[in-house]
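All ligand and atom numbering here is 1-based and tracks the order in the structure.
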Amino acid sequence: MKNVIITSLLSLITLLSSSVIFAQTIKLSSPDGKIVLSVNDNERPNYQVSFAGESIIKPSRLGMAFKSVAAFGDGFTISSSKEKSAKEVWQLPWGERKNVTDEHNELLITFSSIKNSKTFKVRFRLFNDGIGFRYEVAKQAGLDKVEITNEFTEFVIDDAKKATAWWIPARGWNRYEYTYNTTDVESVDRAHTPFTFKLASGTHISIHEAALVDYAAMTINQKRPGVLKADLTPWSDGILVKTQTNFKSSWRTIQISNDAVGLLNSDLILNLNEPNKLGDVSWVEPAKYIGIWWGMHINKNTWGSGEKHGATTSETMRYIDFAAEHGFAGVLVEGWNIGWDGNWFFNGDVFNFSKSYDDFDIKAVSEYGKEKGVRLIGHHETSGNVTNYRNQMSEAYSLYEKHGVRQVKTGYVADGGDIKRIDEYGIIRKEWHDSQFMVNEYLHSITEAAKHKISINTHEPIKDTGLRRTYPNWISREGARGQEFNAWGTPPNPPEHTTILPFTRMLAGPMDFTPGIFDMSFNGLGANTNRPQTTLAKQLALYVVLYSPIQMAADLPKNYQANLAAFQFIKDVPTNWHESKAIAGEVGEYVAFARQERDGEDWFVGALTDEKTRTLTLKLDFLDKSKRYQAQIYRDGKNAEWVNNPYEMIIENKDVTANDELVLPLATSGGAAIRFKALN
Ligand code: NOJ
Ligand code: CA
């Protein structure tokens with residue numbers, strides 16, 4: 001009980017049902033003592049958090065309201081509390097690191113109302129890098145089926161005007177695919193999580209959630225200045241969550257660090273997820289891939305049939321040849337199945353996931369691939385008609401399994417709030433991508449795919465909340481603006497975009513960003529065309545900075561053929577790591593990561609900057625002290641700049657040790673990518 005201090009505040013005597021209840025405050029600290037949580041029932045359940053003496057979350061409400069029973073809020077008092085501590089090291093089958101340490105102190109508080117004869121629990125976990133808490137509602141008299149209509153959870157912060165937030169709007173038509181706003185916190189309206197902000201003191205905080213299962217996603221809504229409130233995404237009928245007792249909410253998480261980089265070196269979200277439920281997952285294969293993909297985005301090819309059809313048997317074989325020659329494990333093929341003709345955005349009703357176009361022979365290409373050691377990567381675009389997909393899912397995964405496919409990319413292109421489902425009465429309902437209905441729908445595809453030893457890479461997904469720990473076949477997902485916006489987005493991703501992603505979207509988990517565009521001149525160069533607004537070296541750096549166990553070499557093979565020297569880095573960079581460390585960075589300005597390959601000795605560094613040039617001096621103390629390394633450096637050339645001279649790049653080798661420093665000059669929207677090849 002050493003972390004718990006119960007203080008009875010005699011001055012706050014509450015009279016309730018003629019019994020006398022003392023308002024209580026219960027405190028718990030993180031293992032290192034720096035984060036202090038304080039929970040009390042003064043009028044209503046609330047909590048507050050401090051970090052190294054600084055107030056992080058001011059007294060903030062807890063509780064929820066229901067459609068047909070009285071709310072869990074006013075009048076609920078602390079009736080019991082229990083404390084626990086845990087420390088364990090567990091392993092990720094694939095990931096940014098092999099061994100993950102989970103060290104936390106836990107506090108389980110029961111709130112009760114004598115008037116309502118109801119109880120609910122809040123389980124808090126305090127780690128050295130932040131806190132998580134979730135609601136747990138047990139079976140009890142008068143509470144069986146529940147419909148949640150409001151979650152009271154607040155995150156109240158001091159001086160919101162002086163805090164800076166990097167955020168994307170929630171409940172918008174483009175789901176999670178927005179450029180980031182950088183504003184003071186008081187100017188934030190309704191935002192998605194991870195919601196990252198920096199207090200005037202420099203302390204960095206990110207609010208998100210973990211283990212989102214059978215619950216609605218939480219967005220952040222500013223009710224009054226500085227009062228950030230949980231705002232769960234509703235079903236089409238307005239209910240937030242439909243469930244029954246016993247139920248648990250997802251974990252509400254608050255990552256806390258005294259600097260920006262600290263947010264990146266945190267496993268808090270994963271630690272709050274359940275262990276692997278799939279058993280042996282040796283069939284989940286982290287790897288690099290190429291695909292019949294970019295050609296469609298730059299209008300060279302079409303998904304639909306006709307002269308420009310990309311997904312033909314012969315083109316796929318050509319891609320398989322290229323993959324085999326350069327060591328890529330898979331070839332993604334989009335547009336192979338019936339349904340793409342016309343405006344495919346609205347073809348959700350007609351997609352057929354088992355019938356291919358006449359010019360695509362799935363048997364022939366998969367057998368050809370097998371001979372060459374390259375797997376076909378499947379693709380299912382639903383255009384948001386999830387009932388049509390669900391009806392065909394089992395057959396569709398069986399077909400792919402039969403042809404040796406181990407990975408399927410799914411797509412849910414539809415405006416926010418426009419996912420089409422047919423309910424049990426045959427009525428069409430329109431749902432949000434982050435509603436409870438879709439949370440369950442996405443997870444259903446993961447568990448169904450697992451039965452066929454298939455991993456899923458979800459595009460237009462529900463945001464990641466660390467479920468890859470429990471379901472390691474949820475191998476990657478989109479859920480932010482990826483490379484595709486550089487082909488056709490208005491505007492394309494600005495130079496700062498990938499300096500914000502690591503501190504926001506990527507805190508949730510891997511992203512299938514699809515880096516590696518070598519030819520940026522498909523519409524000409526300059527600042528006002530659709531193109532990647534980066535240098536070539538920055539495209540390489542993305543492979544290390546934006547973690548995903550599957551990474552695409554997104555450009556056309558001919559553009560790699562034209563620059564085999566730069567392509568070498570993409571061929572060399574692993575997608576599975578023994579260890580990862582963010583080593584420098586400020587949100588929206590620059591970032592650098594060092595990662596050591598899994599089952600190997602080499603280290604890799606990726607560093608990139610926004611529109612400003614800068615020189616990064618990186619200490620190499622992450623390297624093994626007893627080894628010498630050859631640093632194979634790919635960096636911006638002397639006159640490189642993203643607008644008109646993005647290609648100028650220097651490739652040079654240097655022998656280094658852990659005692660050295662590396663000085664990396666980065667061009668405007670530039671970067672550097674380095675392989676440290678162990679020499680002894
Ligand atoms: C959107 C996805 O993000 C993109 O990668 C894909 O090519 C299209 N949908 C078509 O499915
Ligand atoms: Ca997309």
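Residues satisfying the ring pair (Phe, Tyr, Trp, His ring centres under 6.0 Å) test with Phe518, not counting sequence neighbours, are Tyr560.
When only modelled atom types and interatomic distance are considered, Asn440 and Asp214 share a side-chain donor-acceptor pair under 3.5 Å. Between the side chains of Tyr647 and Ser521, a donor-acceptor pair is found at a separation under 3.5 Å. Side-chain contact of Thr458 with Arg477: a donor-acceptor pair under 3.5 Å is absent, judged by distance alone. In summary, the side chains of Thr179 and Arg481 do not present any donor paired with an acceptor at a separation below 3.5 Å, with no hydrogens or angles considered.
Ring centers of Trp340 and His379: under 6.0 Å apart, within the cut-off.
Taking the centre and axis of the six-membered ring of Phe437, the NZ or CZ atom of Arg421 falls inside the cone set by 45° and 6.0 Å.
Protein residues lining ligand 1, listed by chain and number: Trp293, His297, Trp303, Glu334, Trp340, Trp344, His379, Glu381, Lys409, Val413, His459, Glu460, Glu478, Glu484 [non-hydrogen atoms, distance under 4.0 Å].
The main-chain N or O of Met506 is never found under 3.5 Å from a side-chain atom of Tyr547 such that the two would form a donor-acceptor pair.
Note on the Ca ion (ligand 2): protein N/O/S atoms under 3.0 Å are Glu177 OE2, Glu460 OE2, Glu478 OE1, Glu478 OE2, Glu484 OE2.
Pairs passing the salt bridge (Lys or Arg N to Asp or Glu O under 4.0 Å) check and including a residue from residues 341-354, sequence neighbours excluded, read Asp349-Lys420.
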